Amino acid sequence: MSGFPEGEAGAALHALLTDSVVGLAVWDTDLRCVWVNDALERYDGIARDRRLGRRPRESLTGDTDELEALVRRVLTTGRCVTGREYRVPTETGRRGDRAFSASFVRLHDADGHTLGVCMLMLVVTDRRWAGDRLAVVSAAGTRVGTTLGVMRTAQELADFTVPLIADYVTVDLTEAVRLGEEPLDRLGRSRGRVPKFRRAGRASVHSGSPESLWLNGEVVYVPETSPFMQVLSSGRPLLQPVLDPSNEAWLADDPARAAKIREFGMHSLLILPIHARGVLLGVAVFVRTVNPTPFDDNDRLLAEELVARAALSLDNARRYTREHNTALALQRSLLPRRVHGGTAMEVAARYLPADAEEGVGGDWFDVVGLPGGRLALVVGDVVGHGVNAAATMGRLGMAIRTLADLDLPPDEVLTRLDRTFIRLTEDEEEGGREVATMSATCVYAVYDPATRTCTLALAGHPPPAVVHRGGDYSFPDLPHGLPLGVGLLPFPAAELELPAGSLLALFTDGLVEERDQDIEVGLRRVGRALTRGVSSLEDLGTAVIGTLPATPPPDDVTLLLARAL
């Protein structure tokens, strides 16, 4: 070496280059490597002349694009990164771990000017993140449980732990967890039967996880005498450092699994129960194939922490799935499957939830036959989504049907519905439950075919559209009234003439409100769509919904069309 300062400082710097156990490399502000010591070459096998002058993606190993992005981020932000795993491919015929812990820090001169980024690399003595387990678990918190989907969470657990802990990982959950039902407190034989599992996640160092006998979503076969059932029955993890298929009697009943074990050289096994809040949800299986080192207690402890964190996310997802299914079933049971206008009107309805996957909101509609051949038309909108909104919608829907049966005028119907809504809110508050839904809007209309008139009252709801026989449209100027739940003012009614062939369109604000646009823009869009001359109301409803600028829409959309006969 040459060019070092004289004295102790020079000796110390020379020691860093030759004798230190810390691997060091420095990149300048252009991300070119300008300095490296001997230890780093010993660790990752990249010679100095192949590293100097090159960018991180050309002078490191492993996920080089991600490492270069990390170096650039440290250079830009000045925030150091510690304990980042640096993996080096195992050489042919070499045993032992090839994982290291790397830290990155921005360098400055005496005046505070940025010089570059330094990487410090240390051998991880217990092979994976020893002494830094908290960092791994913390990292898992950002990558596992990112959604409230059961299957997605299970897959994220598998993806995160390969190749960090194992070369092949599967996550199997009980059918009850996938469906959002209550899992068994203790899984095992149930009336002589083995519980049903489905593969929820799988990951491997080999592309496509060829070790797996089942795809995600498929039912998994669990032999009664297998170690999987032992874990499920006991609720305790099983660490099998050496897996020798020739010595495993249970594999005689599972030849397909035995063949996979031999084909891919599965030599070490770790099985963990997935449990949260006192119940077992399934099982996670960790296998070593390419990595020649057997699992040990350090691996088991880290895997247990990661599985425990994932289990809470899985249980939250299961509970959410159960709530969602409850709300969806409630809403489907309360909304009419078909609407009939009798001899007074031809009617058609459309409902489009804001979230196409969730499908649960607070919109509702109804058509109720009244004495004398008259017809009541209802559209309402409860603020919010989920169980609370669906339950409130259901109560209001049943209340308004009861009021319609009393054959009250529209203004009186909304006045009484307003009182009902206030009582519902008060009951929730008195019961100590958080009230998530505090307001609702509604339009109630009664069409009389004898007089060809329609009497309407609005409770904070958008006015309907009327398409006249000549083909033009209008939005009548009607008194809006206040939303339900205010209880201060009456809901004045208005009367419209609807000759035969006239079309009335009732809708929720999700159909006409657009972000960053005046509501008049949405009203004109809907009005033009209603005058397209489509003869079938079903097709016309589809056409109007098709004009929405975004699908799914930002808010639930309900449309009720009624043509006077």
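Predicted model, so just to flag it, every value in this text is computed and none were measured. Just so you know, residue 1 is the first one in the sequence shown, and it goes up from there.
Here Asp509 contributes atom CG and Asp363 contributes atom CG; the two are 8.0 Å apart, rounded to the nearest 0.5 Å. In this structure, OG on Ser209 lies 9.5 Å from CZ on Arg199, to the nearest 0.5 angstrom. Note: Asp159 CG to Leu164 CG = 12.5 Å, rounded to the nearest 0.5 Å. Residue Met151 holds its CE atom at 8.5 Å from CD of Gln155, rounded to the nearest 0.5 Å. Note that CD1 of Ile165 and CZ of Phe286 are 5.5 Å apart. Values are rounded to the nearest 0.5 Å. Rounded to the nearest 0.5 Å, atoms CG (Asp253) and CG (Leu251) are 9.0 Å apart.
Between the side chains of Asp381 and Thr508, no donor N or O sits under 3.5 Å from an acceptor N or O. For the residue pair Thr289 / Glu211, no side-chain donor-acceptor distance below 3.5 Å is found, with atom types taken as modelled.
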Next item on the list: I would like to know whether Leu173 and Ile274 meet side-chain contact (heavy atoms from CB on, under 4.5 Å); could you show each step before the answer?
Entry: CA-CA 8 Å; Leu173 302 176; Ile274 304 173; 4.1 Å; yes
Next item on the list: For Thr174 and Leu281, run side-chain contact (heavy atoms from CB on, under 4.5 Å): C-alpha distance rounded to whole Å, both residues' side-chain angles, the deciding distance at 0.1 Å, then the answer.
Entry: CA-CA 6 Å; Thr174 68; Leu281 309 175; 5.8 Å; no
Item checked: Worked check of side-chain contact (heavy atoms from CB on, under 4.5 Å) between Val26 and Cys118 -> CA-CA 4 Å; Val26 176; Cys118 177; 4.1 Å; yes
Margin query: Determine whether Arg50 and Ser59 satisfy the following criterion, side chain to side chain donor-acceptor pair (under 3.5 Å), listing intermediate values before the conclusion.
Written below: CA-CA 7 Å; Arg50 289 176 50 206; Ser59 56; over 6 Å; no
Margin query: side-chain contact (heavy atoms from CB on, under 4.5 Å) for Leu31 and Arg72? Distances and angles first, verdict last.
Written below: CA-CA 7 Å; Leu31 297 189; Arg72 185 182 300 278; 3.3 Å; yes
Next item on the list: Go through the steps to decide whether Arg309 and Glu305 satisfy the test salt bridge (Lys or Arg N to Asp or Glu O under 4.0 Å), and finish with yes or no.
Entry: CA-CA 6 Å; Arg309 176 179 285 270; Glu305 291 189 58; over 6 Å; no
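Side-chain N or O atoms of Arg32 include none that pairs as donor or acceptor with a backbone N or O of Pro56 at under 3.5 Å. Distance alone, capped at 3.5 Å, places no donor-acceptor pair between the Asp28 side chain and the Gly116 backbone. The backbone N or O of Arg73 sits less than 3.5 Å from a side-chain atom of Thr77, completing a donor-acceptor pair. In this structure, the side chain of Tyr221 does not engage the main chain of Asp254 through any donor-acceptor pair within 3.5 Å. A donor-acceptor pair under 3.5 Å is absent between the side-chain atoms of Lys260 and the main chain of Met266, judged by distance alone. Remark: the backbone N or O of Leu269 is not paired with any side-chain donor or acceptor of Gln240 at under 3.5 angstrom. Looking only at distances, no side-chain donor or acceptor of Asp315 sits under 3.5 Å from a matching main-chain atom of Ala311. Looking at Ser268, its side chain does come within 3.5 Å of a backbone N or O of Phe295 through a donor-acceptor pair. Glu513 places no side-chain N or O within donor-acceptor distance of the main-chain N or O of Gly510, the cut-off being under 3.5 Å. The main-chain N or O of Thr146 is found under 3.5 Å from a side-chain atom of Glu156 such that the two form a donor-acceptor pair.
Nearest approach of Pro245 to Ile261, heavy atoms of both residues: CG-CG2, 4.0 Å. For Leu232 against Gly282, the heavy-atom pair with the smallest separation is CD2-O, 3.9 Å. Across Gly201 and Ala158, no two heavy atoms sit closer than the pair C-CB, 4.1 Å. When all heavy atoms of Thr293 and His267 are compared, the closest pair comes out as O-CE1, 3.9 Å. Closest non-hydrogen pair, Leu40 versus Ala25, comes out as CD2-CB, 3.6 Å. The heavy-atom pair separating Ala349 from Leu560 by the smallest distance is CB-CD1, 4.0 Å.
Residues Phe197 and Trp214 keep their aromatic ring centres 6.0 Å or farther apart. Taking the centre of each ring, Tyr168 and His206 stay at or above the 6.0 Å mark.
Residues Arg288 and Asp299 are paired through a salt bridge, judged by an N-O separation under 4.0 Å between the basic side chain and the carboxylate. Ion pairing of Arg51 with Asp44 is present here, as a side-chain N (NZ or NE/NH1/NH2) and a carboxylate O approach within less than 4.0 Å. The residues Arg300 and Glu304 are annotated as salt-bridged, a charged nitrogen and a carboxylate oxygen being separated by less than 4.0 angstrom. Under 4.0 Å is where a charged nitrogen must lie from a carboxylate oxygen, and between Arg48 and Asp38 at least one such pair does. Look at Asp172 and Arg198 and you find no salt bridge, because none of the NZ, NE, NH1 or NH2 atoms lies under 4.0 Å from a carboxylate O. Using a 4.0 Å cut-off between charged nitrogen and carboxylate oxygen, Glu68 and Arg55 count as a salt-bridge pair.
A 4.5 Å side-chain heavy-atom check between Pro273 and Val283 finds every atom pair outside the cut-off. Here the side chains of Pro227 and Trp250 are in contact, with some heavy-atom distance below 4.5 Å. Using a 4.5 Å heavy-atom cutoff, the side chains of Thr64 and Glu58 are not in contact. Looking at heavy atoms from C-beta onward, Ile271 lies in side-chain contact with Phe228 at the 4.5 angstrom threshold. Looking at heavy atoms from C-beta onward, Arg202 lies out of side-chain contact with Val169 at the 4.5 angstrom threshold. Contact annotation: the side chain of Val105 never approaches that of Val74 to less than 4.5 Å [non-hydrogen atoms, C-beta and beyond].
Shown here are the ring-ring contact (aromatic ring centres under 6.0 Å, His included) partners of Phe160, two or more places apart in sequence or in another chain: there are none.
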